[in-house]
Each structure stands twice: as structure tokens, then as C-alpha cells.
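Please read all numbers here as calculations on a predicted model, not as lab measurements. Residue numbers begin at 1 in each chain, while the letters A, B, ... track the order of the sequences.
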Protein chains: 2
Amino acid sequence: MSEKRTELQTLAQAIVQRSGVRALSFRQLAEQTGVKSASVHYYFPEKHDLTAALIAGYSEAFAQRLAAIAEKPVSLTRKLSAFADLFEEAAQDDKLCLCGMLAAEISSLDEHSRALLRGFFEHAEAWLVRIMERHADEWRSPLPPSRLAAVLMSGLEGALLLDRVHATGDHLKAQRQFINAFAAGKAF
Amino acid sequence: MSEKRTELQTLAQAIVQRSGVRALSFRQLAEQTGVKSASVHYYFPEKHDLTAALIAGYSEAFAQRLAAIAEKPVSLTRKLSAFADLFEEAAQDDKLCLCGMLAAEISSLDEHSRALLRGFFEHAEAWLVRIMERHADEWRSPLPPSRLAAVLMSGLEGALLLDRVHATGDHLKAQRQFINAFAAGKAF
DNA sequence: GTCTATAGGCAGATAGAC
DNA sequence: GTCTATCTGCCTATAGAC
């Protein structure tokens, strides 16, 4: 993988996380990396090639972070808190989760990118389910793990979204409080 | 308020809820309502005028629905379920909440529209807090009402987002289960 | 109110030289 | 790999006739 390609992809990812795919242009990408737009087309012939590469790269990095969290010998609380940290990082940079942003823009994605997007969310929720099952003695709830995973994931993606509007970070904080109470077995 | 203006605004709202402001064009709007794009500019001189009108209109309609729910003499469960119904309606039409979509696209909004957006979410969450306080005997939680309102709102907006990716509606269903358990005083 | 016509800009994409 | 040059198409916005 060439360095220029990586540089382009990194920049493109940041732009999408902040403003969306529709705001991402070959020209802007070229200007900000010191090449011409034709050169960007050399690495990513069409825009959907770039989009797909973005989702694939993001998914892989995310999966690695999840794997690292899973193998640590810590409590459920700490694992879920580390999970929330991944979202916090994006929020700090005024970004959404790449895949959350693309979910909003799904009408402008091709079928291949949509499939990759599905993969991202399936993997993340499956990870949450596995973690909850492994720490089954640390929590209780009237909902099954798969439902809880959906609640957690929706909550975090939604919090990222709403915290762009009020810059206080309150929604992510509320999610963390909720997660902590849950993972401490206090309720739900 | 002229009929044509209303027609344009209704169509524009649907387009934004499905594809976002960046996908909304004067030309498309004109074609689908049988006029020319110059005529659309007659009603909404610049695009940010249209965007602002969209948010204001949506906020007002939403507020009216909330007021109607609040005054019904029913349980917390039923009120929160009616609240969730508002999101379900959007999901059925493959739409996001207008303001959720615009939150993702906040970088392309002017300051006036951003202020209107803040107003929407503040109002919705204040409504949730008021409802929870009025039904204080029907639920319990380690979190204060304002935090719970943030959790609920994030969860529903996020569920709408994630359910566009897998078309199963699972995330909204999970939110409803969560809300029911909460409002039944079962937990959290 | 609605139109025609058009300005001016930016988008994605490609051909072909180096 | 990177460039220049260019095509085609869509965008917002405006001037001015009817």
C-alpha cells in the first residue's frame, strides 16, 4: 500500500466523519495533499472505490481495537467504558463515527458499500453480545443481550450525533452514566 | 402561506429526511412540483432560507404532537410509547428525523439553522423531563431525568440511523423494549 | 408568480503527455 | 505516478420579460 494512498485515505476519512461523503471531493482531497485531482483518480478510480476503501479500513481498525479490549482481564464496566472511549475519541475531534455518518447518507452509497456498512454494525453488536455473555454474572436486565447491544449501539451513535448540536458533550456523558449503572449490575 | 410554498416545503422535507440537505436541489424540487427552479427561488430566495423554514416547520409540528401526547390522561409507558411512535413513523418511510439528519450535516448549515436545531432538541428533551417528573412514581433510576432524557433521545435518533442499514427495524424495537421496561418501573 | 436565459462555479471522470 | 487539459453535467443564484 503506497504512502500517498494512505495519506489520501486518512484525509478522506476525516472529511467524511466531519461533513459526509457528499462533501468529499477529489479536488479538495488533491489540494490538501499537494497533488492534482487526476492523481487521486489513479489511486481510487471512481468515488465509490474510495468510499468502499474508507469503510473497509475503518472497520478493520475498529475491529482491532475491539479485539484488544476483549482480551484484557478487566470487568464488564471497564470493557464497556473502553468501548465508549472509541466514540469519545471521535467526538473530541468534532467527528461522527464514519459508519454512523454513512448510515445517514446511505442513499448515496452503492450496494458494495452498503454491505460493508452492514458488516461494521453486525460485527460491533456481535462483539457486545459476546462481552455480555462472558460477563453474565455482572449484569441483569429484562432484555436479552442482542437487544441490549442494539440499545447500546444506537445510544452511542445517537449521542455522537446530538452532541454536534449542543457542544457540551452531554449526550455521551449520559450514555456513560447509563452504561456504568448497567454494567455495575445496579439496574437494567 | 401560499399553497405552492407549502408543497415545495413538504417535498423538500421528505428529500432531506431521506438523503440530506446536500442532496436537495432547487432543480429537483422544481421538476417534481411542475415549476422551474427560478420559481422556487421566488419562495425561498437562498438555500439557507429553505433549510431554516424546514427546521422551523418540523419543530412546530413536532411540538404540537408532543403537546397532544402530554395532555392525555395515560400512563408514562403509554406516553413514552407515543413518543417512540413519532420516530417509528419516520422509519416506516425510510426517513430519518429531519433534525437528526441535519445534525449529521451540521457543517453545511448556517448559524441561524444551527440555532433552530438546538431549539428542537432542547424542546424535545425538556418535554421528556417534564413527563418523567409528572409521572415520578412510575419509574426509578440511578440517573436524573435530564440524563435519562438524553439517553432516550440519543437512543431513538441512533436507532433510526442504524435501522437504515439493516432494514429489519431491530434497533427501534430494542429501544421500545428498553423504554417499556423502564416506564413499567421494572428497572433503571 | 412564473417564465427563459444565463452567469459562474464545482463536481466526477478521462485522454494522453511525461 | 503525476501532470495538463478538457468534457459533461449539475449546482446556486440572478436579470428581466410576461
Side-chain angles (χ1 to χ4, degrees), chain A residues 1-57 101-102 104-114 116, chain B residues 1-55 57 101-102 104-114:
Chain A
M1 174 103 78
S2 99
E3 261 181 54
K4 198 79 207 175
R5 189 189 153 99
T6 308
E7 187 190 351
L8 288 167
Q9 195 168 325
T10 304
L11 176 60
Q13 186 188 311
I15 292 172
V16 174
Q17 286 186 261
R18 271 190 263 264
S19 311
V21 249
R22 295 194 99 108
L24 174 73
S25 80
F26 281 70
R27 280 160 144 78
Q28 184 194 8
L29 218 42
E31 275 166 30
Q32 294 186 28
T33 55
V35 291
K36 297 295 166 181
S37 75
S39 301
V40 182
H41 280 281
Y42 169 77
Y43 294 103
F44 307 98
E46 303 189 6
K47 196 171 180 181
H48 60 80
D49 298 315
L50 175 53
T51 307
L54 251 28
I55 307 173
M101 177 64 90
L102 293 177
E105 297 184 289
I106 198 152
S107 70
S108 45
L109 300 184
D110 64 1
E111 189 43 53
H112 180 219
S113 289
R114 291 182 194 195
L116 290 172
Chain B
M1 177 98 81
S2 98
E3 260 180 54
K4 198 80 208 173
R5 189 188 153 99
T6 307
E7 186 189 354
L8 287 167
Q9 194 167 325
T10 303
L11 176 60
Q13 184 186 312
I15 293 170
V16 174
Q17 286 186 261
R18 271 189 263 263
S19 310
V21 249
R22 295 192 99 109
L24 174 72
S25 79
F26 281 71
R27 277 160 146 76
Q28 185 194 6
L29 219 42
E31 274 165 30
Q32 296 187 26
T33 54
V35 292
K36 296 295 165 182
S37 75
S39 301
V40 182
H41 280 281
Y42 169 79
Y43 294 102
F44 305 98
E46 301 188 10
K47 195 171 179 181
H48 59 80
D49 298 315
L50 174 53
T51 308
L54 250 29
I55 307 173
M101 177 63 90
L102 293 177
E105 298 184 289
I106 197 152
S107 71
S108 46
L109 299 185
D110 63 2
E111 189 43 52
H112 180 220
S113 290
R114 291 182 194 195

If you take all heavy atoms of [X] and [Y], which pair is closest and at what distance?
{"X": "Leu50(A)", "Y": "Ala12(A)", "value": "CD1-CB, 4.1 Å"}
{"X": "Leu29(A)", "Y": "Thr33(A)", "value": "O-OG1, 2.9 Å"}
{"X": "Val21(A)", "Y": "Val16(A)", "value": "N-CG1, 4.0 Å"}

Could you state the atom-to-atom distance from [atom1] of [X] to [atom2] of [N] in whole Å?
{"X": "Lys4(A)", "N": "dT2(D)", "atom1": "NZ", "atom2": "P", "value": "7 Å"}
{"X": "Leu29(B)", "N": "dC10(D)", "atom1": "CG", "atom2": "C1'", "value": "15 Å"}
{"X": "Arg5(B)", "N": "dT2(C)", "atom1": "CZ", "atom2": "P", "value": "13 Å"}
{"X": "Leu50(A)", "N": "dA13(C)", "atom1": "CG", "atom2": "P", "value": "10 Å"}
{"X": "Gln28(A)", "N": "dG12(C)", "atom1": "CD", "atom2": "P", "value": "10 Å"}

In short, ring-ring contact (aromatic ring centres under 6.0 Å, His included) pairs touching residues 21-41 of chain A with sequence neighbours left out are Phe26(A)-His41(A)
Taking salt bridge (Lys or Arg N to Asp or Glu O under 4.0 Å) as the test, write out the residues that go with Glu7(A), two or more places apart.
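Result, salt bridge (Lys or Arg N to Asp or Glu O under 4.0 Å) vs Glu7(A): Lys4(A).
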Under a 4.0 Å heavy-atom cutoff, the residues of residues 11-25 of chain A touching DNA chain D are none
What pairs with Leu116(A) under side chain to side chain contact (heavy atoms under 4.5 Å, CB included), at least two apart in sequence or on another chain?
Ala52(A), Ile55(A), His112(A)
Listed once per pair and sorted, the side-chain hydrogen bond (donor to acceptor under 3.5 Å, both in side chains) pairs that draw on residues 11-30 of chain B, sequence neighbours left out:
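For residues 11-30 of chain B, and leaving out neighbouring residues, the side-chain hydrogen bond (donor to acceptor under 3.5 Å, both in side chains) pairs sorted by first residue read Ser107(A)-Ser19(B), Gln13(B)-Gln17(B).
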For [X], enumerate each residue passing the side-chain hydrogen bond (donor to acceptor under 3.5 Å, both in side chains) test, keeping only those at least two apart in sequence or located in another chain.
{"X": "Glu111(A)", "result": "Arg118(A)"}
{"X": "Ser113(A)", "result": "Asp110(A)"}
{"X": "Glu46(B)", "result": "His48(B)"}

Under 4.0 Å: is that the gap between some side-chain N or O of Tyr42(B) and OP1 or OP2 of dT2(C)?
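The answer is no; no side-chain N or O of Tyr42(B) sits under 4.0 Å from OP1 or OP2.
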Using OP1 and OP2 only, check whether a side-chain N or O of Ser39(B) sits under 4.0 Å from dG1(C).
no
Summary of protein contacts for nucleotides 13-18 of chain D, nucleotide by nucleotide, where a base hit scores B, a sugar-phosphate-only hit scores S (4.0 Å, heavy atoms)
BB----
Rounded to 10°, the angle between the first-five-pair and last-five-pair axes of the helix from dG1(C)-dC18(D) to dC18(C)-dG1(D) is 0°
Are the side chains of Gln9(B) and Tyr43(B) in contact, using a 4.5 Å heavy-atom criterion?
no
